[in-house]
Amino acid sequence: MAKIVVSLADGRQAEFNSPVTTGEALKSLLNGKLKNIIAVKVNGEAVDLSHTLTRTAELDPITADSAAGQKMLRHSTAHIMAQAVQELYPETRLGIGPAIENGFYYDFDRPQSFSDTEMEKIEQRMAQIIKQDLPFRKSVISKAEAIQTFSEKSEAYKLELINELDDNRLNLYQQGDFIDLCRGPHIPSTGKVPAFKLLSVAGAYWRGNENNKMLQRIYGTAHSSAARLKQYLNQLAEAKKRDHRKLGQELDLFSFSPEAGAGLVIYHPKGAILRGIIEDFEKREHLKRGYQPVIGPLLLKLDLWKKSGHYDNYRENMYFTEIEGQQYGIKPMNCLAHMLVYKSRLRSYRDLPLRYFELGTVYRHEKSGVLHGLLRVRGFTQDDAHILCTPEQLNDEIIGIIDFVQQVMDTFGFSYTLEISTRPEKSIGSDEDWERATEALPHALEHRGLPYTINQGDGAFYGPKIDVKLKDAIGRWWQCATIQCDFTLPERFDLCYIGKDGQRHTPVMLHRVILGAMERFLGVLIEHYAGAFPVWLAPVQVRVMSITNEQDDYVLSLAEKLIEHDIRVETDTSPEKIGFKIKEARLQKIPYMLIVGAKEKAAGSVAVRKRGAGDLGGMEFDEFIQQIDHEINQKIH
RNA sequence: GCCCACGUAGCUCAGUCGGUGGAGCACUUCCUUGGUAAGGAAGAGGUCACCGGUUCAAAUCCGGUCGUGGGCUCCA
C-alpha cells in the first residue's frame with residue numbers, strides 16, 4: 001500500500017503506512033496538541049476528527065472559534081438538546097435542528113408545550129450530557145436501514161426526509177443512545193461544548209409550510225467559551241436598548257393605540273418633524289434626478305384594481321369600501337394613479353423616460369401576527385416612483401436607481417445587502433417578458449460591480465425585483481429599497497408611446513422605492529443611530545438652559561435667534577439645578593446644549609455642551625451658529 | 001392567520017395561598033437660585049386591557065375579545 005502523506009498549509013508533513021483518522025494525523029502534525037480543534041477540512045471538505053484518511057491529503061484544522069467551527073459547535077449542541085428533550089420527554093418526535101446565525105434551533109413535536117421550568121430542566125440535562133463527554137459516532141447506512149431505524153423510533157418527520165433523499169448512503173450520528181439523521185460533521189464529543197444557553201421557544205410550521213403541523217422550536221446559542229457567550233448575551237441586551245419601539249416612546253416620537261387599531265402609527269410632534277426632514281431631503285434628491293412629483297387618490301374604483309391584476313393577486317391584502325353603490329379599493333400600491341397620469345395624453349419616445357414620484361400612503365391588510373413596531377405596519381407611506389421608458393432605456397434607468405440608492409444610503413451611513421428575487425408561483429405576464437426583465441436586473445448590478453444573492457421565486461406578481469435590505473438592532477434584515485421590473489401593467493393599461501418609426505409601442509415600467517416605507521425606514525434609522533440622531537436629523541437640535549432663573553430672558557432671546565437661523569430649539573427655564581437639566585437633555589439625546597449663566601449673559605456668549613463630547617467651554621454665539629450650520633449642511637453623522 | 005408568553009398609575013415594575021392595590025420616576029403645589037448626569041417637602045393620580053364565568057369573595061382561577069412581545073408563514 002502506498003504511503004499516506006498528510007500536510008498542513010504551512011508545509012508541515014507527516015507520513016503514515018496505513019489509514020489514520022484525521023484526529024491522529026493532526027496530533028502527529030501538531031505535536032499532540034488539538035485543544036481547540038474540533039474538526040478538519042480534508043482537501044477543502046469539512047469532516048470529523050474520527051474520519052479515516054486512506055490517501056494523501058492536505059489538512060486544514062477547524063477551531064471552535066472560527067466561523068465554520070462555531071457553526072459546527074452549534075449544530076452539535078442542537079443534537080445534544082434533542083437528546084436531552086427525548087430523554088426527559090420520550091413522547092417527543094424530532095423535526096430538524098440546524099445551526100443558524102449566532103445559534104441553533106431544533107423543532108419538536110410534542111403534545112404539550114414546553115414551559116419555562118421544562119426549558120430549565122432541558123438545559124440542566126444538556127449540561128449533564130456535556131459532562132458525560134459522549135463521543136459523536138458517525139455511521140454510514142443504506143436508505144433501507146435508515147427507514148428501518150427511524151420506523152422503529154416512530155420518527156415520522158425523519159422518515160419523510162429520508163424518503164425524499166436520492167442518495168442511498170445516509171449518515172447517522174449517535175451520541176449515547178441518541179441517534180439522528182445528519183450530514184455532519186460534528187465535534188468529537190459532547191464535552192467539547194464550552195458554553196451554551198437556551199433562549200426561547202416558538203411555534204414553527206413543519207418544513208415552513210403553514211398547511212403543515214406547527215411544531216415547537218427551541219432556540220439556543222453555543223459559544224467557544226463562557227466569556228464569548230456572556231459577550232453575546234450582553235450584545236443582545238445592548239441591542240434591546242436601541243430597539244426603536246423603546247426609543248420611540250422614550251424620545252416621544254410615535255405611538256400605537258389599540259383604540260386606533262393595530263399597525264397604524266400615531267406620529268407625535270418629534271416623530272413627525274423627523275419624518276418631515278427626511279421627506280424634504282427625499283423630494284430635493286428626486287427633483288435633482290429628473291423625477292416629477294405627482295399625487296394620486298387614496299381610493300380608486302374596484303374595476304381599476306381588477307384591470308391591474310391586483311384584485312386577483314393581491315385582494316387578501318386590500319381594504320375595500322363602498323360609496324353610493326360603487327365599489328372602491330383603498331390603494332395598497334401607488335402605481336395605478338401614476339399610470340393614469342401617463343395615459344392622460346399621447347406620449348412620444350422623446351418624452352421618455354418619465355419618472356413619476358409620490359410620497360404615497362398605502363394601506364395593506366397585514367396578518368396580525370406579523371405586525372412589528374414601525375417595521376411592519378398596516379398603513380405606510382412609500383417614497384414611490386414609477387419610471388416609464390423604452391426597452392432600450394431600461395438598463396440605464398436601473399443603474400440610475402442603484403446609484404440613487406447608494407448615494408442616499410451613504411448619506412445615512414447605512415450598509416446594506418442586495419438580493420434579486422425571481423418569478424413567484426402566482427404571477428402574471430409572459431415567459432418572454434419575465435426572462436427579459438430577469439436578465440436586466442443582474443446586468444445592472446454587475447455593471448456597477450455590486451455583489452448580490454438570488455432569492456428564487458420571491459418576486460412581485462408582476463415582475464422580478466432587486467431588494468435592498470438593512471439590518472435592525474437585533475440583527476434582523478428588513479427590505480427597504482426595491483426595484484421592480486414590470487412589462488405587464490403597461491400592457492394591461494394600454495400604455496403606449498409613438499416611436500421614431502411613427503408606430504405605437506408599449507413602454508416598460510419600473511416600480512421603485514429608495515427608502516421603502518417611511519415608517520420602516522424610520523424604525524431602522526432609529527436603531528441605526530440608537531436614537532442619537534445626527535444634528536441634521538435631530539428633532540430638537542439645541543436645548544438652551546439657564547443656570548439660574550436670572551438668565552431666563554437671555555435663554556429666550558437666544559432661542560429666538562436660533563429659530564431665525566432655522567435651528568430646532570427647546571428651552572429649559574425650570575428652577576432646577578443645572579446638573580438636573582443636563583441629565584434631562586442627555587436622556588433626550590439632544591445634540592447640543594447651550595448653558596448660560598450670569599457670565600454668558602453679561603458677555604452675550606454661550607457655553608456649549610455637545611452630545612458625546614461633553615463640555616466644549618464658552619463660545620461666541622455666532623461661532624456656535626457657524627459650527628452647527630456646517631454640521632447640518634454637511635449632514636455629518 | 002398559527003404557536004407560546006404577557007397586559008397592574010403617563011413610564012418602569014412589585015403585589016405571597018383568592019380576602020377591596022404598592023414603589024421609583026414623571027405630574028401639581030410649596031421651599032430652594034444652585035456652573036455641567038438626579039436639592040427638599042407635600043399632594044394628586046387606578047373600572048388591575050375589555051367582556052363573561054366560577055366563588056361568600058377575583059388583579060389573582062376559567063373562557064372569550066382586543067392589544068403587545070418572541071417566532072412561523074407572508075411582505076415595504
Side-chain angles (χ1 to χ4, degrees), chain A residues 105 107 112-116 119 199-219 240 243 245-246 249-250 252 255-263 314 316-317 332-334 360 362 364-378 380-384 421 424 458 460 465 467-470 474 476 478-482 484 511-521 523-524 545-552 574-587 593 595-600 607-609 614-618:
Chain A
Y105 67 77
D107 286 346
Q112 303 81 21
S113 51
F114 291 106
S115 68
D116 288 354
M119 293 277 281
L199 297 174
S200 63
V201 58
Y205 298 110
W206 167 239
R207 315 200 82 177
N209 185 331
E210 65 181 326
N211 299 317
N212 288 343
K213 183 165 185 183
M214 180 157 276
L215 308 180
Q216 296 181 68
R217 175 171 296 179
I218 301 181
Y219 285 93
K240 272 196 179 165
D243 188 312
R245 291 164 297 189
K246 190 172 156 65
Q249 184 180 65
E250 287 171 1
D252 200 12
S255 64
F256 292 91
S257 160
E259 289 175 289
Y314 206 72
E316 57 276 21
N317 289 298
M333 299 184 193
N334 299 300
V362 298
R364 295 184 187 175
H365 175 227
E366 301 290 344
K367 291 177 180 174
S368 60
V370 307
L371 300 176
H372 185 94
L374 289 181
L375 298 180
R376 191 77 183 268
V377 292
R378 286 186 173 149
F380 55 99
T381 300
Q382 297 178 300
D383 60 335
D384 206 359
S421 296
D458 215 29
K465 55 181 186 169
D467 287 333
V468 178
K469 297 201 169 175
L470 306 180
I474 322 173
R476 289 174 295 207
W478 295 91
Q479 182 182 319
C480 288
T482 178
Q484 310 179 347
H511 308 242
R512 50 104 286 188
V513 290
I514 302 295
L515 303 180
M518 301 308 297
E519 284 74 9
R520 176 174 291 182
F521 185 76
V524 178
M545 47 190 78
S546 51
I547 301 273
T548 77
N549 293 122
E550 292 290 309
Q551 297 89 41
D552 287 355
S574 62
E576 295 291 347
K577 288 184 166 182
I578 195 63
F580 184 86
K581 295 186 185 184
I582 289 168
K583 183 211 73 174
E584 295 221 303
R586 285 187 65 132
L587 288 179
M593 294 177 221
I595 296 162
V596 295
K599 220 169 25 175
E600 287 77 14
V608 181
R609 189 182 177 97
D615 191 355
L616 300 186

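Proteins come first, then strands; the chains are lettered A, B, ... in the order of their sequence lines, and each starts at number 1.
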Check: When the nearest nucleotide of RNA chain B is assigned to A:Leu215 and to A:Ala460 on a heavy-atom basis, which residue is associated with the more 5' position?
Finding: A:Leu215
Next item on the list: With the side chain counted from C-beta on, respond yes when A:Glu366 and A:Leu371 share a heavy-atom pair under 4.5 Å apart, and no when they do not.
Entry: yes
Check: Considering every strand shown, what is the Watson-Crick or G-U wobble mate of B:U29 when both distances are under 3.5 Å?
Finding: B:A41
Notebook entry, point to check: If you look at every strand shown and take non-hydrogen atoms under 4.0 Å, does A:Ala204 touch a base, only sugar-phosphate, or nothing?
Noted result: sugar-phosphate
Notebook entry, point to check: Across all strands, who's sitting opposite B:C56 as a Watson-Crick or G-U wobble pair, both distances under 3.5 Å?
Noted result: B:G19
Notebook entry, point to check: Rounded to the Å, how far apart are A:Leu371 CG and B:C66 P?
Noted result: 13 Å
Next item on the list: Check whether any side-chain heavy atom of A:Trp478 sits under 4.5 Å from a side-chain heavy atom of A:Leu470, and report yes or no.
Entry: no
Note to self: Taking 4.0 Å as the cut-off, does a side-chain nitrogen or oxygen of A:Thr482 come that near to OP1 or OP2 on B:A76?
What the structure shows: no
Notebook entry, point to check: Any ion pair linking A:Glu316 and A:Arg364 (charged N to carboxylate O, less than 4.0 Å)?
Noted result: no
Next item on the list: Under 4.0 Å between any heavy atoms, over every strand shown, what does A:Gly369 touch: base, sugar-phosphate, or nothing? Just pick one.
Entry: base
Checklist line | Closest to side chain of A:Ser200, choosing from B:G70, B:G71, B:G35 | finding: B:G70
Notebook entry, point to check: What is the distance from CD of A:Glu576 to P of B:A26, rounded to the nearest Å?
Noted result: 8 Å
Next item on the list: Please evaluate the base of B:A38 for a donor-acceptor partner in the side chain of A:Lys583 within a cut-off of under 3.5 Å?
Entry: yes
Notebook entry, point to check: A:Lys213 side chain to A:Tyr205 main-chain N or O, any donor-acceptor pair under 3.5 Å?
Noted result: no
Checklist line | d(CZ, A:Arg376; C1', B:C72) in whole Å | finding: 12 Å
Margin query: Classify A:Gly208 by what it touches in the nucleic acid, base, sugar-phosphate, or nothing, heavy-atom distance under 4.0 Å.
Written below: sugar-phosphate
Note to self: For B:G1, does the base pair up with any side-chain atom of A:Tyr205 as donor and acceptor (N or O, under 3.5 Å, distance only)?
What the structure shows: yes
Checklist line | Span that lies between the P atom of B:U16 and that of B:G1, in whole angstrom | finding: 33 Å
Check: Given the C1' atoms of B:G18 and B:G53, what is the spacing between them in whole Å?
Finding: 15 Å
Check: Under 4.0 angstrom, heavy atoms only, what part of the nucleic acid is A:Glu550 near: base, sugar-phosphate, or nothing?
Finding: nothing
Margin query: Within the 4.5 Å heavy-atom criterion, are A:Met545 and A:Ile578 side-chain neighbours or not?
Written below: yes
Next item on the list: Please state how far atom NZ in A:Lys581 lies from atom C1' in B:U33, giving the value in whole angstrom units.
Entry: 9 Å
Next item on the list: Using only side-chain N and O atoms of A:Tyr105, determine if any of them is under 4.0 Å from OP1 or OP2 of B:G70.
Entry: no
Notebook entry, point to check: Base, sugar-phosphate, or nothing: which does A:Ser368 touch, judged by heavy atoms less than 4.0 Å apart?
Noted result: base
Next item on the list: Report yes if at least one side-chain N or O of A:Arg217 is closer than 4.0 Å to OP1 or OP2 of B:U73; otherwise report no.
Entry: no
Check: So what does A:Ile595 hit on the nucleic acid, given a heavy-atom distance under 4.0 Å: a base, only sugar-phosphate, or nothing?
Finding: base
Check: Is the shortest distance from a Lys or Arg side-chain nitrogen in A:Asp467 or A:Lys469 to a carboxylate oxygen in the other one below 4.0 Å?
Finding: no
Note to self: Tell me whether the side-chain N/O atoms of A:Gln484 come closer than 4.0 Å to OP1 or OP2 in B:A76.
What the structure shows: yes
Check: If only side-chain N and O atoms of A:Arg364 are considered, is one of them under 4.0 Å from the OP1 or OP2 phosphate oxygen of B:C74?
Finding: no
Checklist line | Counterpart base for B:C11, defined by Watson-Crick or G-U wobble contacts under 3.5 Å | finding: B:G24
Next item on the list: Would you mind classifying the nucleic acid contact of A:Glu366 as base, sugar-phosphate or nothing, using non-hydrogen atoms under 4.0 angstrom?
Entry: base
Item checked: Whole angstrom value for the distance that separates P of B:C74 from NE2 of A:His365 -> 16 Å
Checklist line | Opposite nucleotide pairing with B:G69, Watson-Crick or G-U, both atom distances under 3.5 Å | finding: B:C4
Check: With respect to the phosphate group of B:G70, does any side-chain polar atom (N or O) of A:Arg476 fall under 4.0 Å of OP1 or OP2?
Finding: yes
Check: Separation of A:Asn209 atom CG from B:C3 atom P, in whole Å?
Finding: 16 Å
Note to self: Does either side chain, that of A:Asn212 or that of A:Asn209, offer a donor lying less than 3.5 Å from an acceptor on the other one?
What the structure shows: no
Checklist line | d(CZ, A:Arg245; C1', B:G67) in whole Å | finding: 14 Å
Item checked: Base partner of B:G34, which must satisfy Watson-Crick or wobble distances under 3.5 Å -> none
Check: Using a cut-off of 4.0 Å on non-hydrogen atoms, how would the nucleic acid contact of A:Val377 be classed: base, sugar-phosphate, or nothing?
Finding: base
Next item on the list: Identify whether any heavy atom of A:Phe580 sits under 4.0 Å from a base atom; if not, whether one sits that close to sugar-phosphate; answer base, sugar-phosphate or nothing.
Entry: sugar-phosphate
Margin query: Any base atoms under 4.0 Å from A:Ala481, or only sugar-phosphate, or nothing? Heavy atoms, all strands.
Written below: nothing
Notebook entry, point to check: What is the nucleic acid contact for A:Val370, judged by heavy atoms within less than 4.0 Å: base, sugar-phosphate only, or nothing?
Noted result: base
Item checked: Any A:Lys465 side-chain N or O less than 4.0 Å from OP1/OP2 of B:A76 -> yes
Check: With a centroid cutoff of 5.5 Å and a plane-angle limit of 30°, would you call A:Phe256 stacked on B:G67?
Finding: no
Notebook entry, point to check: Among side-chain atoms of A:Gln382 and A:Asn334, is any donor-acceptor pair under 3.5 angstrom?
Noted result: yes
Next item on the list: Could you check A:Gly597 against A:Gln249 and say which one's nearest nucleotide on RNA chain B is further toward the 5' end?
Entry: A:Gln249
Next item on the list: Please state whether the phosphate of B:G70, meaning OP1 or OP2, lies under 4.0 angstrom from any side-chain nitrogen or oxygen of A:His372.
Entry: yes
Next item on the list: Would you kindly give the CD-to-C1' distance between A:Glu584 and B:C27, to the nearest whole Å?
Entry: 12 Å
Margin query: Please check this pair: side chain of A:Gln479 against backbone of A:Val468, looking for a donor-acceptor N/O pair closer than 3.5 Å.
Written below: no
Notebook entry, point to check: Phosphate oxygens OP1/OP2 of B:G35: is one of them under 4.0 Å from a side-chain N or O of A:Gln551?
Noted result: no
